[in-house]
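Taking it in order: structure first as structure tokens, then the write-up.
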Amino acid sequence: MIPPKPTDAPTLPTAPVPAPAPPPASGSRPSRRTLVFVAVWTVLVAGVSSGITAALVGGDDGVAEGVAAPTASPSIWQDTRSHPADPPAEPERAPSPSPSGAGSFAMGEKAKSGGATVVVRKVTEAATVVLDDYDSEDVLKAGAGAKFAIVETTVHNDGTDSFDPVCGGGISQGLIDAEGRKFDVIDQVFMVKANRAADACGEELQPGFKREAVFVYKFPADATPAAWSFSGSRGMTEGDVAVVRLGTGTTSS
């Protein structure tokens with residue numbers, strides 16, 4: 001049996017329910033104060049909602065206040081290691097003609113290259129050479145630690161075109177010593193007295209003729225000349241270099 005409700009129980013007051021605002025009269029507009037209040041209320045509600053949303057979504061992955069967010073790593077890996085620099089490339093050296101083998105001749109033989117046929121008659125060494133400067137003679141000195149190698153030749157033009165044996169380096173392709181090093185003819189070779197006397201420079205050697213020519217090279221005093229090379233095409237044609245093995249003594253042309 002349900003006991004009756006006691007009559008002396010305290011009665012709690014109920015919260016007053018605000019009366020709804022009467023609708024605005026037709027044609028009337030809300031006051032400026034009302035509009036400001038609504039706008040402030042909207043901003044406050046939006047801010048609170050955003051904070052709650054961020055807290056719910058961030059969870060443990062959220063960034064704590066006062067802690068900087070980690071920067072994004074680059075998508076491309078950059079090699080920051082140091083590597084040794086490549087060694088400087090050495091200049092390419094043209095291979096020196098071999099004193100023996102194909103295109104090799106002995107002193108006194110008619111060595112052929114293209115349209116040039118050369119007989120090496122004599123090779124001497126000297127500390128000086130005499131230059132003929134038309135009006136006077138001058139003595140050119142090799143200098144300390146050096147000497148001259150003088151190659152005396154007879155040059156025949158057996159080709160179809162004329163050429164100059166001496167001027168501009170002429171047919172010379174260099175003097176080769178016993179170590180395989182190649183030396184260029186001296187710049188003043190056209191002024192050497194023997195070449196002036198033989199008109200070896202300045203007048204083209206015509207086909208069917210021959211001319212005496214002297215080639216002079218400066219090289220170390222302790223070096224030994226082993227071969228002399230020349231080219232009828234001035235080295236313009238591959239494989240057109242003849243080599244004369246040098247020795248002592250004199251031969252006839």
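These numbers come from a predicted model, not from an experiment. In this chain, numbering begins with 1 at the start of the sequence shown.
- Checked by atom type and distance alone, the side chain of Thr128 never pairs as donor or acceptor with a backbone atom of Leu140 at under 3.5 Å.
- Side-chain atoms of Thr153 do not come within 3.5 Å of backbone N or O of Val120 as any donor-acceptor pair.
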Quick one, Asp133 with Asp138, criterion side chain to side chain contact (heavy atoms under 4.5 Å, CB included). Give me CA distance, side-chain angles, the key distance, then yes/no. CA-CA 7 Å; Asp133 195 15; Asp138 190 17; 5.8 Å; no
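- Taking Ala221 as the reference, nothing meets the side chain to side chain contact (heavy atoms under 4.5 Å, CB included) condition, with sequence neighbours excluded.
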Apply side chain to side chain contact (heavy atoms under 4.5 Å, CB included) to Thr224 and Asp177, showing your working. CA-CA 5 Å; Thr224 302; Asp177 70 358; 5.8 Å; no
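- Of all heavy-atom pairs spanning Val214 and Ala194, the tightest one is CG2-CB, 3.6 Å.
- Residues Pro220 and Arg181 are in side-chain contact: their nearest non-hydrogen atoms beyond the backbone lie under 4.5 Å apart.
- Proximity of Phe219 to Leu175: side-chain heavy atoms (C-beta onward) are separated by under 4.5 Å at one or more points.
- One N or O on the side chain of Arg196 and one on the backbone of Asp132 form a donor-acceptor pair closer than 3.5 Å.
- Between Phe230 and Ala111 the shortest heavy-atom distance is CZ-O, 3.4 Å.
- At distances below 3.5 Å, at least one donor-acceptor pair connects side-chain atoms of Ser229 with backbone N or O atoms of Gly174.
- Contacts classified as side-chain hydrogen bond (donor to acceptor under 3.5 Å, both in side chains) and involving residues 162-172 (residues at least two apart or in different chains) are given here: Ser172-Tyr217.
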Begin with the C-alpha distance, continue with both residues' side-chain angles, and end with the deciding distance and a verdict on side chain to side chain contact (heavy atoms under 4.5 Å, CB included) for Val155 and Lys210. CA-CA 5 Å; Val155 181; Lys210 66 180 180 180; over 6 Å; no
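- Each of Thr154, Asn157, Asp158 was checked for a side-chain hydrogen bond (donor to acceptor under 3.5 Å, both in side chains) with Thr117, and the lone residue meeting it is Asp158.
- Side-chain contact between Thr160 and Pro207 is absent, with no heavy atoms from C-beta onward closer than 4.5 Å.
- For the atom pair Glu179 CD and Asp222 CG, the distance stands at 7.5 Å (nearest 0.5 Å).
- Of all heavy-atom pairs spanning Val119 and Lys110, the tightest one is CG2-CG, 3.7 Å.
- Nearest heavy atom pair, residue Arg211 against residue Pro165, reads NH1-CD, 4.2 Å.
- Counting heavy atoms from C-beta outward, Val139 and Leu131 have side chains that stay 4.5 Å or more apart.
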Evaluate side chain to side chain contact (heavy atoms under 4.5 Å, CB included) for Lys218 paired with Lys147, printing each intermediate quantity in order. CA-CA 6 Å; Lys218 180 180 178 179; Lys147 59 184 176 182; over 6 Å; no
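- Taking hydrophobic clusters as Ile, Leu, Val, Met, Phe, Trp and Tyr residues chained together by side-chain heavy-atom distances below 4.5 Å, Val189 does not share a cluster with Val130.
- For the atom pair Phe215 CZ and Glu152 CD, the distance stands at 11.5 Å (nearest 0.5 Å).
- Within a 6.0 Å radius of CG in Asp184, other residues, nucleotides and ligands contribute 12 heavy atoms or fewer.
- The two atoms that bring Ala116 and Gly232 nearest to each other are CB-CA, 3.9 Å, heavy atoms only.
- The backbone N or O of Ile150 lies less than 3.5 Å from no partner atom in the side chain of Lys122, so there is not a single donor-acceptor pair.
- What you find for Gly115 and Phe163 is that their closest heavy atoms are O-CE2, 4.1 Å.
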